[in-house]
Amino acid sequence: MSLVPIGQAAAAAPPSTYRGYQMNMCMWGARYYVKAGGNGKDTCFPDPHVWKDGAGTLHFESGYTATEKSVAEQKRQTVIDHVKKFGPDAVTINEACKNDLEGIVTALRAAGLSYTFISYEVGRGTGSKARQCSAGRGAAVNGIIAHGFQADSKQAGYFETHGYRSWVCGVITSGMRVCTAHLSLPGQDWGGRVHQPIECARLRDELASTGGPVVFSGDVNMKGHKHNCAPSTFWGLRDLDVKESDRTAQSGLQHIYYSPGYTRGQTCGEVHHVLHTDHKGFLIDLKSVPTRTRGMACTWRDVWK
């Protein structure tokens, strides 16, 4: 499947403010993360019934354990708690499961919060089916939870034709286009074709071609001096903690890019601890401005520094 352009006419009056929250919840399942290098007891998806021995051999019980189902429920509740606490216009979630997103939205609605969601599968590869989460939790997806979306505004697809990594966008009811994606790790390749540079360049081009206000937030799996996928006219921040002692191996991998009609004003965003995942939450508040204005310098967090 080829990438579908995300450009679409925006609402006549762009929203004056936007609050977004980025999360990577590591929801897929213990077996996936152990296979990818975890030990079955790490912070991403701990399950003592799935482990890798010293020789690198995987061991797991047949069927899904009660532990795995319990961890999945704890992850769902964590998202619910953060949405209730921060009240974002949109939450972008990487490494999510479709059924988990449905459960989260159902719980939020039951609490009187009118959220809904869109999502798109990840990890189809050369097969005919998307990667599936454990314990009957549906397809592995990237998702966006928001108060509502404009009709027919969802657009999504894979960055490459063989379906390795994907993106999803939608225009929320305020008129802001919100996009998310989870890019490949540096060096991951397909027959010598390295994914991340291709994904990054395509994401950058598509964001630049969007007509109207747009915010991207997602896990781009890159950090360091000026390493980003933002169009040259956009502003951007990464989830790097102020204090070095607070930083983890994942700090700085999640980025937020936004079109030049918005400013971060006197804030550099907020990084929040999130239970039951190895990533932190990244909160941003934006305001519309008549002229291009960066706002605070945020030297340690600015993607252009």
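- The line from CE of Met27 to CE of Met23 is 8.0 Å long, rounded to the nearest 0.5 Å.
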Test side-chain contact (heavy atoms from CB on, under 4.5 Å) applied to Leu237 and Ile284, step by step: CA-CA 9 Å; Leu237 297 169; Ile284 187 71; 3.6 Å; yes

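- Side-chain contact between Cys229 and Met222 is present, with at least one heavy-atom pair separated by less than 4.5 Å.
- Checking each of Asp241, Asn24, Asp239 against Lys280 for a side chain to side chain donor-acceptor pair (under 3.5 Å) leaves exactly one that passes, namely Asp241.
- Inter-residue side-chain proximity for Val34 and Asn39 is flagged as unmet; no heavy-atom pair is nearer than 4.5 Å.
- With no hydrogens or angles considered, no side-chain donor-acceptor pair links Ser184 and Gln196 at under 3.5 Å.
- Of the N and O atoms on the side chains of Asp53 and His59, at least one donor lies less than 3.5 Å from an acceptor on the other residue.
- Shortest non-hydrogen contact noted between Ser174 and Pro15 is O-CD, 3.5 Å.
- Both tests do not hold together for Arg137 against Trp28: distance to the six-membered ring centre under 6.0 Å, angle to the ring axis within 45°.
- Side-chain contact check for Tyr164 and Glu199: no donor-acceptor pair (N or O, by modelled atom type) lies under 3.5 Å.
- Other residues, nucleotides and ligands contribute over 12 non-hydrogen atoms within 6.0 Å of the CZ atom of Arg292.
- With contacts defined as side-chain heavy-atom distances shorter than 4.5 Å, the pair Thr277/Thr78 does not qualify.
- Atom NZ of Lys223 has more than 12 heavy atoms from other residues, nucleotides or ligands within 6.0 Å.
- Between Arg247 and Leu240, the closest side-chain pair of non-hydrogen atoms falls below 4.5 Å.
- One distance of note links CG of Asp47 with CD of Glu61; it measures 8.0 Å at 0.5 Å rounding.
- A side-chain N or O of Asn94 and one of Thr180 form a donor-acceptor pair less than 3.5 Å apart.
- Minimum interatomic distance between Val168 and Asn142 (heavy atoms only, all atoms of both residues): CG1-O, 3.8 Å.
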Ring pair (Phe, Tyr, Trp, His ring centres under 6.0 Å) between Phe60 and His49, worked out: CA-CA 6 Å; Phe60 48 85; His49 301 281; over 10 Å; no

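- Note on Val71 and Val79: separate hydrophobic clusters, where clusters join Ile, Leu, Val, Met, Phe, Trp and Tyr whose side-chain heavy atoms are under 4.5 Å apart, directly or indirectly.
- Counting only heavy atoms from C-beta outward, the side chains of Ile104 and Ile145 approach each other to under 4.5 Å.
- By the 30° and 60° cut-offs, the orientation of the rings of His272 relative to Phe86 is tilted.
- Both the sub-6.0 Å distance and the 45° axial angle are not jointly satisfied by Arg109 relative to the ring of Tyr115.
- A parallel orientation is assigned to the rings of Tyr33 and Phe45, their planes being inclined by less than 30° (bins at 30° and 60°).
- Nearest approach of Thr92 to Cys179, heavy atoms of both residues: CG2-O, 4.1 Å.
- The neighbour count for Lys52 NZ, taken as heavy atoms of other residues, nucleotides or ligands under 6.0 Å away, is above 12.
- Residues Pro14 and Ser288 form no side-chain contact, since every pair of their non-hydrogen atoms from C-beta on lies 4.5 Å or further apart.
- The side-chain heavy atoms of Ile256 and Phe216, taken from C-beta on, include no pair separated by under 4.5 Å.
- In the hydrophobic cluster analysis, where Ile, Leu, Val, Met, Phe, Trp and Tyr join through side-chain heavy atoms closer than 4.5 angstrom, Met176 is grouped apart from Ile93.
- Here the side chain of Lys98 pairs no donor or acceptor atom with the backbone of Gly138 at under 3.5 angstrom.
- Between Tyr258 and Tyr18, the closest side-chain pair of non-hydrogen atoms is not below 4.5 Å.
- Hydrophobic clustering keeps Val105 apart from Phe149 (ILVMFWY residues linked when any side-chain heavy atoms are closer than 4.5 Å, directly or through intermediates).
- A salt bridge between Arg202 and Glu160 is absent, with no side-chain N of the basic residue lying under 4.0 Å from a carboxylate O of the acidic one.
- In summary, the side chains of Arg204 and Tyr257 do not present any donor paired with an acceptor at a separation below 3.5 Å, with no hydrogens or angles considered.
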